Enquirer: 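What follows is a structure written as structure tokens; I'll ask about it next.
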Amino acid sequence: MNTIRLNTACDADFINQVEKESEQDMSLCYQCGNCTAGCPYTTFYDLPVNQVMRLVQVGQREQVLSCKSLWLCASCESCTTRCPNDIDVARIMDVLRHMSRRAGHATERRVKIFWDAFLSSVERHGRVHEMGLMATYMTKTGRMFTDIDLGMHLIPNGKLSLKPHTMIGKKEVSEIFKRFNEERSS
Amino acid sequence: MSADSGKELRIVGFLCNWCSYGGADTAGVGRFQQPTDLRIIRVPCSGRVDPLFVLKSLVNGADGVLVSGCHPRDCHYSEGNYYARRRLEVLKRFLPVLGIDTRRFEYTWVSASEGQKWKTVVEKFTEGIHELGPAPVIDATMIAKAQILAATAL
Amino acid sequence: MSSSLSYAYYPGCSGQGTSIEYEQSSQAVCKALGITLQEIPDWSCCGSTPAHTVDHTLSAALSARNLGQAEGMIVNGVITPCPSCLTNLKTASHRMKDETFRAKTNALLEKPVNNTLPIMSVLQVIYEQVGPEKLKEKVVRPLTGMKLAPYYGCIMNRPPDVMDFDDCENPIAMDRLMEALGIEITPFPLKVECCGASYGVARKDIVMHLSGKLLDAAEDCGAEAMVTACPLCQMNLDLRQGQINSANKTNHAMPIFYYTQLIGMALGLDEADLGMKKLCVDPGKAFRKMEARKAEALEESVVRRSGN
Amino acid sequence: MKIGVFVCHCGSNIAGTVDVVKVAEEARKLPDVAFASDTMYACSEPGQDGIINAIKDLDLDGVVVASCTPRMHEPTFRKTLERAGLNRYMFEMANIREHVSWVGKDKEANTKKALDLVAMAVAKLTQGKALISKKFDINKRVLVIGGGVAGIQAALDCADGGLDVILVEKTTSIGGKMSKLDKTFPTVDCSSCILGPKMVDVAQHPNITLYAASEVEKIDGYVGNYQVAITKKATYVDWDACTGCGLCMEKCPSKKSTDYFNEEVGTTTAINILFPQAIPKKASIDADFCIKLIKDKCGICAKVCPTNAIQYDQQDEIVTEPVGAIIVATGYDLFDYTKYGEYGGGRYPDVITSMQYERLLSASGPTGGHVKRPSDGKEPKTIVFIQCVGSRDKSIGRPYCSGFCCMYTAKQAILTKDHMPDSQSYVFYMDIRAPGKLYDEFIRRAMEEYGTQYVRGRVSMLYPKNGSLVVRGADTLLGKQVEIEADLVVLAVGAESAVGASKLAEKLRISYDNYGFYMESHPKLRPVETNTAGVFLAGSCQGPKDIPQSVGQGSAAAAKVLVLFSKDQLESDPQVSVVDIKRCVGCGKCIETCPFGAIEEIDFRGMTKSNVIETICQGCGICTSTCPQGAIQLQNFTDNQILAEVNVLCQQTLEKSFE
Ligand SMILES: Cc1cc2nc3c(=O)[nH]c(=O)nc-3n(C[C@H](O)[C@H](O)[C@H](O)COP(=O)(O)OP(=O)(O)OC[C@H]3O[C@@H](n4cnc5c(N)ncnc54)[C@H](O)[C@@H]3O)c2cc1C
Ligand SMILES: Cc1cc2nc3c(=O)[nH]c(=O)nc-3n(C[C@H](O)[C@H](O)[C@H](O)COP(=O)(O)OP(=O)(O)OC[C@H]3O[C@@H](n4cnc5c(N)ncnc54)[C@H](O)[C@@H]3O)c2cc1C
Ligand code: SF4
Ligand code: SF4
Ligand code: SF4
Ligand code: SF4
Ligand code: SF4
Ligand code: SF4
Ligand code: SF4
Ligand code: SF4
């Protein structure tokens, strides 16, 4: 790995932004590693969560926002619950993910597609339509046989409806998305 | 960090020797920068703070008065701060009668080890007083009222 | 009595599909326990995990719309069976205590939300308002002889200052309720470990790994079935058990119940109303073992009595 | 009045952000100020000489020094005044360092503020008057509260110095935590071999009166003359008769009593001698477990006791001891780790505390020094130590470092290898704190010679699996999550203040910090003094300390008492309240409010009046702000003095406002 020039390569705006959006104080982290110790996803992360914390502390925007870990955090709250400094680590991970998304990263492409498919299903129908969601996901990823085996159990048991569940106020829900997107782009 | 870089206002602090005065010292030792408006009067115990001192300060032109003592249960004289609290609570209720904004008077607890907290208290209070601005000049009728009050209630 | 236990009910999307048996059994059990559920009119999706990975106000707004729909109902609070929905509703409500956040959230909504109703899980209501003692009195068909590992999932109790229910490291609400039914609870150490959550689709390997560990641990401590309170956990452990077995080269055949199904059984409710048939791993095995153990115990006590 | 003002530079400490020359210049213009100048270091010898010369040359009546906090140098300058022949109370300080130069950078604002503070001090001084101290006899006996190693050391030093010592210990034996330890770092010598002789010395010293199983009930009086009420708790055994033969213990059928000494590893009998080397070596009955005391059955111990020492009807007894000084050495207690649900919250028998482990290691412990794990009595092969349990953890309100756990963990790892050569120890740590003589070398030895594996990271959870415990932590140096299957987990629990510490503080009128540790008078320069005259601190009641530090403080506190007692008489503080008998109407309000009962009712020519008993008055001034007549005035903090300060600050409108 390249040498990091700590004084010049520190992006203070990045630190401030993370602190502001997450309402957490990054300087509280003393790198005990408890978050990593408890994180069930560490095995799959490219950066353990305590190192994500550390990289934010030293203002390494690029390295943080382009890591895979952000997209694999399941918000299981283990880190938040056990951090000895009461840092809401899961919230920081969430905020970093927002920033990563806004910066156009999607290091775990399939995860992102799944989430996007989920939300567009909500946007369209007001409630998630699981079948539709799967269809979108399969088309977008090209993985046509995802969980086909499960369908064999789900469909006959009435657990996967072919039609979306109707609700009256679905327009209200799509309006939420509309307003959100407008505010975002403004 | 002089408050608002604007003009200084007149803030009087009555601090007990054992806890809050020590806390203010600790803040000093820790170099916790604070607005400069406050002037501190040292008293042995917050129980020594006669509500009249507060009243007199406010009537005679103080823009804010801050009293600070030991935490409950932690008084060097075991219960002085309880007396103080009771009296100052009464005082607080009477201030509006005199046309004094109750926000100009505050009572807090800061221990000798809480330098950081003292800084925050001073910052918050000073900021609050600057938001209120300079105290209105007090006229003779008000003083007459204060005299009656002082003689009866406090 | 029924009016004092009246709640605005938020079923959650998966209750209409993959966790339909949870939905059915929750409804049936609540009814039997005198808890009145008034479905929130025209509720919508809370946004689940995907929403809060995009933005916190968007997530809060999707949840808050439902809280708004519940305002004006004469109820003691909003309840939901699903921990994921619960987290979203509670987090939204928690963050909206902050004025600025509330204003930002309300700006996304058609009608602003006051955010006054308390939010709880169905589990919390059964545990706190009915309680193990009362539940025990109502049992007509004890499930004595059944050995279960209780699995709460990662977000039912965490983070503790938001969820504000039970112990965040060793929750016991389900344990106590199951014990009231006569069930033996094995000391399951991974009660709050994550099962892999919604990564079943996009990163199956993760679920195979994490849920696999849970099944192994349950087997290690001698459980013959597991009981859950979360549609996602249940789906990962039950529906994907076959996938897990082939990925990890194991051969678990561990029935995965919803706690409401078991309460329903013990209360003598109709099996069809509890959706037992909809489980993927056949639960019959667990019941057969239970019956066998019951018979054994009976025999033993007969022997002991005649021996005296 | 002729007042001299001295404005201190304190090097650049003050002069850096306050224009001290200007402050002195402006001060000269104040009424009653006859002289003003700035001085480099007011407290230094030349600084003080300058003050003395000015007083003598200009015939000053009073002095104001504008410098640091009066909590630092007020006594210094009062003595300076005295040397110049002035009354020591004709002095005021303006705190322009801690309250001005150190907390603000704006030189102009600071200078203005400093001048205000000087003007206030001058105004106060004009209202002041000379106060004369009274002399009183002191009682040269000392009370030591707490019989841990710190208290023992203090008691022995005082007694050797010729003082009468009263040692009060809560439990039935002295020795404290140290008596439970197996070996001690950094030399790994046997704890009871070095503590035992000291305990025996206490028992045998002619100057020491030991009250074990006793607690301080009430403290009245003041430095030099305290009255201490001590409760001797019922032990149900006549200690004058008991010879410590132990026959009763052998026969007692109630064998499931809580074994506090062994940290509940195992149980003991209802009647017991705390441990074989206990001082005093006397039996006592645990009323929670004695069948006789609970159900009025049994009575066996009374039958077997050869000296008829058993007294089932014994009651608590209160004795009063007059003393002149008090040393507090009540030590610490251990953090209750069951607060950590992720470490099992007490559910897993093979997760034990460090102190329990000491008992397992100890040859005189419940297992005879064989390490057997609680669940099945097997000898563990893999042992995991977790550091900082209940320390450096804000989320549970324990942000401080307990100081000694890094060291004792290394010690325990070393002893583990000594006891079980084929065992392997792992230590999870966040940082290693070993700043003492031979300390870091000791830690290194644990790693280098004893092969202890140190893992840098916290442990997030542990859980049982097939008879062992899976410990899941992080190795932050590797950037990996790690797991160890351990046979035994030892938690390096941190120190917290002793149970009841705050209650005792209130009796002693000393202050304590947010965590219940007692506050010293100055963190660097008065580490064993408190702000209450005559009360001193020793050992870990002031904050976590290891044995060398505790012993050092025990000796230091003893030295302070000996200094205090080196005079035959003390001077009373004249800053007490005084009643103006003409103004007093005898309403009695002051008597009701005085927290110390220092005010008495007297008859003055047939009229009821109040009178302050000087030696009891602590100078809080509560009475002064209570008296409706302004008749009772706290000297040096009179209404007039404080109002003079207020007037300097607030004189904006009507000059003569209301009074
Ligand atoms: C597991 C472990 C291992 C350790 N190993 C070492 C080591 O190897 N080397 C080392 O230097 N340090 C070690 N220490 C630290 C050592 O225990 C302390 O430094 C030492 O015990 C402090 O002595 P103390 O007298 O201040 O307090 P304590 O030993 O706590 O003694 C206080 C005494 O006061 C009594 N008391 C409390 N309250 C009252 C009251 N209100 N009235 C009357 N009496 C009261 C208590 O009963 C007790 O007897 C270890 C600590 C632990 C936890
Ligand atoms: C850069 C630095 C910063 C520090 N900051 C802090 C701090 O912020 N807080 C803190 O608590 N500690 C601090 N310390 C530590 C502090 O300096 C020591 O704790 C303290 O000075 C020790 O005091 P002492 O009296 O034991 O020794 P010293 O200060 O060394 O005094 C010993 C004296 O003895 C004299 N002497 C030596 N040999 C002889 C002889 N043969 N005959 C006669 N006289 C002799 C020496 O000239 C000297 O005057 C700091 C240390 C350093 C190096
Ligand atoms: S647990 Fe908290 S303090 Fe420790 S490394 Fe993680 S974020 Fe930092
Ligand atoms: S919330 Fe994310 S980072 Fe934290 S422990 Fe869970 S998966 Fe890991
Ligand atoms: S008197 Fe105080 S301010 Fe002046 S030199 Fe001494 S320590 Fe510094
Ligand atoms: S009480 Fe009696 S039997 Fe027991 S130790 Fe004392 S003398 Fe011996
Ligand atoms: S009377 Fe009590 S202490 Fe004595 S032998 Fe019986 S149980 Fe033990
Ligand atoms: S001494 Fe070591 S183990 Fe103890 S609290 Fe401090 S750092 Fe942690
Ligand atoms: S309160 Fe004042 S007037 Fe009343 S008795 Fe005391 S001194 Fe006298
Ligand atoms: S100043 Fe007054 S109230 Fe305080 S101790 Fe003295 S007499 Fe009592």
Side-chain angles (χ1 to χ4, degrees), chain A residues 21 40-41 43-44 71-72 74-78 80-81 88 90-91 94-95 97-98 101 108 110-119 121-122 125-131 134 137 141 146-147 149-150 153-154 157-161 165 167-170 172-173 175-177 179-180 183-184, chain C residues 13-14 16-21 41-45 47-58 61-62 65 69 87 107-110 153-155 157-160 162-163 168-169 192-194 196-206 209-210 213 239-240 242-243 275 277-278 280:
Chain A
E21 287 186 28
Y41 291 79
T43 332
F44 304 96
W71 293 88
L72 293 175
S75 305
C76 78
E77 305 287 350
S78 168
T80 296
T81 305
D88 192 342
R91 185 161 174 196
D94 236 7
V95 160
R97 184 155 45 196
H98 303 162
R101 186 183 267 274
E108 281 286 329
R110 277 186 273 137
V111 171
K112 180 169 182 289
I113 291 173
F114 179 74
W115 285 337
D116 290 349
F118 186 102
L119 287 178
S121 175
V122 177
H125 310 294
R127 296 178 191 166
V128 179
H129 175 223
E130 288 166 322
M131 189 71 153
M134 285 309 288
Y137 175 79
T141 53
T146 309
D147 286 337
D149 49 337
L150 304 185
H153 171 80
L154 292 173
N157 273 307
K159 285 182 152 192
L160 256 193
S161 149
H165 310 281
M167 61 168 292
I168 309 160
K170 66 181 177 192
E172 266 179 53
V173 178
E175 285 292 316
I176 294 178
F177 281 89
R179 277 189 283 262
F180 171 73
E183 199 229 77
R184 192 32 67 80
Chain C
C13 302
S14 64
Q16 319 255 299
T18 45
S19 68
I20 194 159
E21 64 271 52
D42 203 40
W43 56 270
S44 51
C45 176
S48 195
T49 311
H52 74 71
T53 67
V54 171
D55 186 84
H56 286 155
T57 9
L58 173 66
L62 289 172
R65 178 183 174 272
Q69 294 291 96
T87 308
L108 297 185
L109 290 171
E110 190 126 321
C154 52
I155 48 174
N157 310 289
R158 302 193 304 195
V162 178
M163 303 313 279
C168 63
E169 292 292 347
V192 295
E193 280 283 286
C194 184
S198 58
Y199 291 114
V201 178
R203 284 291 302 264
K204 193 166 296 169
D205 55 323
I206 293 181
H209 180 77
L210 296 177
K213 267 197 186 174
L239 191 61
R240 295 191 185 276
Q243 295 180 339
K277 291 237 163 59
K278 297 194 186 289
C280 183

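Values in this document were obtained by computation on a predicted structure and should not be read as measured data. Here is the naming used below: chain letters follow the sequence lines, and residue numbers restart at 1 for every chain.
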Enquirer: Which atoms of C/Cys280 come close to chain A, meaning under 4.5 Å heavy atom to heavy atom: side chain ones, backbone ones, both, or neither?
Expert: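 C/Cys280 touches chain A through backbone and side-chain heavy atoms alike.
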
Enquirer: Identify which part of A/Thr43 has an atom lying under 4.5 Å from any heavy atom of chain C, answering side chain, backbone, both or neither.
Expert: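 Contact with chain C: side chain only.
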
Enquirer: A/Thr81 versus C/Pro160: any side-chain heavy-atom pair under 4.5 Å?
Expert: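 Side-chain contact under 4.5 Å: yes.
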
Enquirer: Salt bridge (charged side-chain N to carboxylate O under 4.0 Å, His left out), that's the test. Do A/Lys170 and C/Asp42 meet it? Break it down for me.
Expert: CA-CA 9 Å; A/Lys170 66 181 177 192; C/Asp42 203 40; over 6 Å; no

Enquirer: Checking A/Phe180 against chain C: side chain, backbone, both or neither under 4.5 Å from a heavy atom?
Expert: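 Answer is both: backbone and side chain atoms of A/Phe180 are under 4.5 Å from chain C.
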
Enquirer: Less than 4.5 Å to any heavy atom of chain C: does that hold for the side chain of A/Ile176, its backbone, both, or neither?
Expert: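 It is both, since atoms from each part get that close.
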
Enquirer: Is it true that A/Arg101 and C/Asp55 have a side-chain N and a carboxylate O under 4.0 angstrom from each other?
Expert: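 The answer is no: the pair does not qualify as a salt bridge.
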
Enquirer: What part of C/Ile206 is in contact with chain A, defined as an atom under 4.5 angstrom from a non-hydrogen atom: side chain, backbone, both or neither?
Expert: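 For C/Ile206, backbone and side chain are both near chain A.
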
Enquirer: Which distance, rounded to the nearest 0.5 Å, do you find between the SG of C/Cys13 and the NE2 of A/His165?
Expert: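 Answer for the SG-NE2 pair, C/Cys13 versus A/His165, is 7.5 Å.
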
Enquirer: Tell me, do C/Leu239 and A/Lys159 make a side-chain contact under 4.5 Å, heavy atoms counted?
Expert: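 When only atoms from C-beta onward are counted, A/Lys159 and C/Leu239 do not touch, as no gap falls below 4.5 Å.
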
Enquirer: Using a cut-off of under 4.5 Å on heavy-atom pairs, state which of A/Arg179, A/Glu175, A/Glu108, A/Met134 scores highest against chain C.
Expert: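 Result: the option with the highest number of such pairs is A/Arg179.
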
Enquirer: Please classify the contact of C/Asp205 with chain A as side chain, backbone, both or neither, using a heavy-atom distance under 4.5 Å.
Expert: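 Looking at C/Asp205, backbone and side chain both touch chain A.
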
Enquirer: Considering only heavy atoms, which portion of C/Lys204 lies under 4.5 Å from any heavy atom of chain A: side chain, backbone, both, or neither?
Expert: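 Answer is side chain: those atoms of C/Lys204 sit under 4.5 Å from chain A.
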
Enquirer: Does A/Tyr41 have its ring centroid less than 6.0 Å away from the ring centroid of C/Tyr199?
Expert: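 Centroid separation for A/Tyr41 and C/Tyr199: below 6.0 Å.
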
Enquirer: Mind checking the CG-CZ spacing from C/Leu210 to A/Phe44? Nearest 0.5 Å is all I need.
Expert: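 Rounded to the nearest 0.5 Å, the CG-CZ separation comes out at 5.5 Å.
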
Enquirer: Relative to chain C, which segment of A/Leu72 carries a heavy atom at a distance below 4.5 Å: side chain, backbone, both, or neither?
Expert: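 Both the backbone and the side chain of A/Leu72 come within 4.5 Å of chain C.
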
Enquirer: Is any side-chain heavy atom of A/Leu150 closer than 4.5 Å to a side-chain heavy atom of C/Gln243?
Expert: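 Yes, at least one pair of side-chain atoms sits under 4.5 Å.
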
Enquirer: Are the side chains of A/His125 and C/Ser44 in contact, using a 4.5 Å heavy-atom criterion?
Expert: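 No. Closest side-chain heavy atoms not under 4.5 Å.
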
Enquirer: When you measure from the side chain of A/Arg127 to the backbone of C/Trp43, do you find a donor-acceptor pair of N or O atoms at a distance under 3.5 Å?
Expert: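 Between the backbone of C/Trp43 and the side chain of A/Arg127 there is a qualifying donor-acceptor contact (under 3.5 Å).
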
Enquirer: Atom CD in C/Glu110, atom CD in A/Glu172: separation rounded to 0.5 Å?
Expert: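 So the gap between those two atoms works out to 4.5 Å.
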
Enquirer: Report which part of A/Val122 has an atom under 4.5 Å of a heavy atom belonging to chain C: side chain, backbone, both, or neither.
Expert: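 It is the side chain, since no backbone atom gets that close.
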
Enquirer: List the atom of A/Trp115, the atom of C/Ser198, and the distance in Å for their closest heavy-atom pair.
Expert: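 In terms of heavy atoms, the two residues are closest at NE1-OG, 4.1 Å.
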
Enquirer: Are any of the side-chain heavy atoms of A/Phe177 and C/Leu58 separated by less than 4.5 Å?
Expert: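 Yes, close enough: below the 4.5 Å cut-off.
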
Enquirer: Considering all heavy atoms of both residues, which atom of C/Cys45 and which atom of A/Phe118 are nearest to each other, and what is their separation?
Expert: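 Shortest heavy-atom contact: SG-CE2, 4.0 Å.
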
Enquirer: Please check if any side-chain donor atom of A/Glu130 sits under 3.5 Å from a side-chain acceptor atom of C/Thr18, or the reverse.
Expert: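 A donor-acceptor contact under 3.5 Å links the two side chains.
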
Enquirer: Return the option, out of C/Leu62, C/Leu109, C/Thr49, C/Ile20, with the maximum number of heavy-atom pairs under 4.5 Å with chain A.
Expert: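 The candidate making the most pairs under 4.5 Å is C/Leu109.
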
Enquirer: Between C/Pro159 and A/Thr80, which heavy-atom pair has the shortest distance, and what is it?
Expert: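 The pair with the smallest heavy-atom distance is CB-CG2, 3.9 Å.
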
Enquirer: Any non-hydrogen side-chain atom of A/Glu21 less than 4.5 Å from a side-chain atom of C/His56?
Expert: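 Heavy-atom side-chain distance check fails, nothing below 4.5 Å.
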
Enquirer: Among C/Arg65, C/His209, C/Glu21, which has the most heavy-atom pairs under 4.5 Å with chain A?
Expert: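 Between C/Arg65, C/His209, C/Glu21, the count favours C/Arg65.
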
Enquirer: What residues form a salt bridge (Lys or Arg N to Asp or Glu O under 4.0 Å) with C/Glu169, not counting sequence neighbours?
Expert: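 Here the qualifying residues are A/Arg82.
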
Enquirer: Is the closest side-chain heavy-atom distance between C/Arg158 and A/Cys76 below 4.5 Å?
Expert: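 When only atoms from C-beta onward are counted, A/Cys76 and C/Arg158 do touch, with a gap below 4.5 Å.
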
Enquirer: Count the heavy-atom pairs under 4.5 Å between each of A/Val95, A/Leu119, A/Leu154, A/Ile113 and chain C, then report the option with the highest count.
Expert: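 Top option by heavy-atom pairs under 4.5 Å: A/Leu119.
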
Enquirer: In Å and rounded to the nearest 0.5 Å, what is the NE2 to NE2 distance from A/His98 to C/His52?
Expert: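 Rounded to the nearest 0.5 Å, the NE2-NE2 separation comes to 8.0 Å.
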
Enquirer: I need the residue from C/Val201, C/Val192, C/Asn157, C/Thr53 with the largest number of non-hydrogen atom pairs under 4.5 Å to chain A.
Expert: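 The residue among C/Val201, C/Val192, C/Asn157, C/Thr53 with the greatest pair count is C/Thr53.
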
Enquirer: Using non-hydrogen atoms and a 4.5 Å limit, figure out which bit of C/Thr87 sits close to chain A: side chain, backbone, both or neither.
Expert: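 C/Thr87 has no heavy atom closer than 4.5 Å to chain A.
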
Enquirer: Report which part of A/Met131 has an atom under 4.5 Å of a heavy atom belonging to chain C: side chain, backbone, both, or neither.
Expert: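 Answer is neither: A/Met131 stays 4.5 Å or more from chain C.
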
Enquirer: Any idea which of A/Asp94, A/Asp88, A/Asn157 has the most non-hydrogen atom pairs under 4.5 angstrom with chain C?
Expert: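 Going by pairs under 4.5 Å, I would pick A/Asp94.
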
Enquirer: Is any side-chain heavy atom of A/His153 closer than 4.5 Å to a side-chain heavy atom of C/Lys278?
Expert: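 A side-chain contact is absent here, since even the closest heavy-atom pair is not under 4.5 Å.
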
Enquirer: Taking side chain as everything from C-beta outward and backbone as N, CA, C, O, which of these in A/Asp149 sits under 4.5 Å from a heavy atom of chain C? Side chain, backbone, both or neither.
Expert: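 It is the side chain, since no backbone atom gets that close.
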
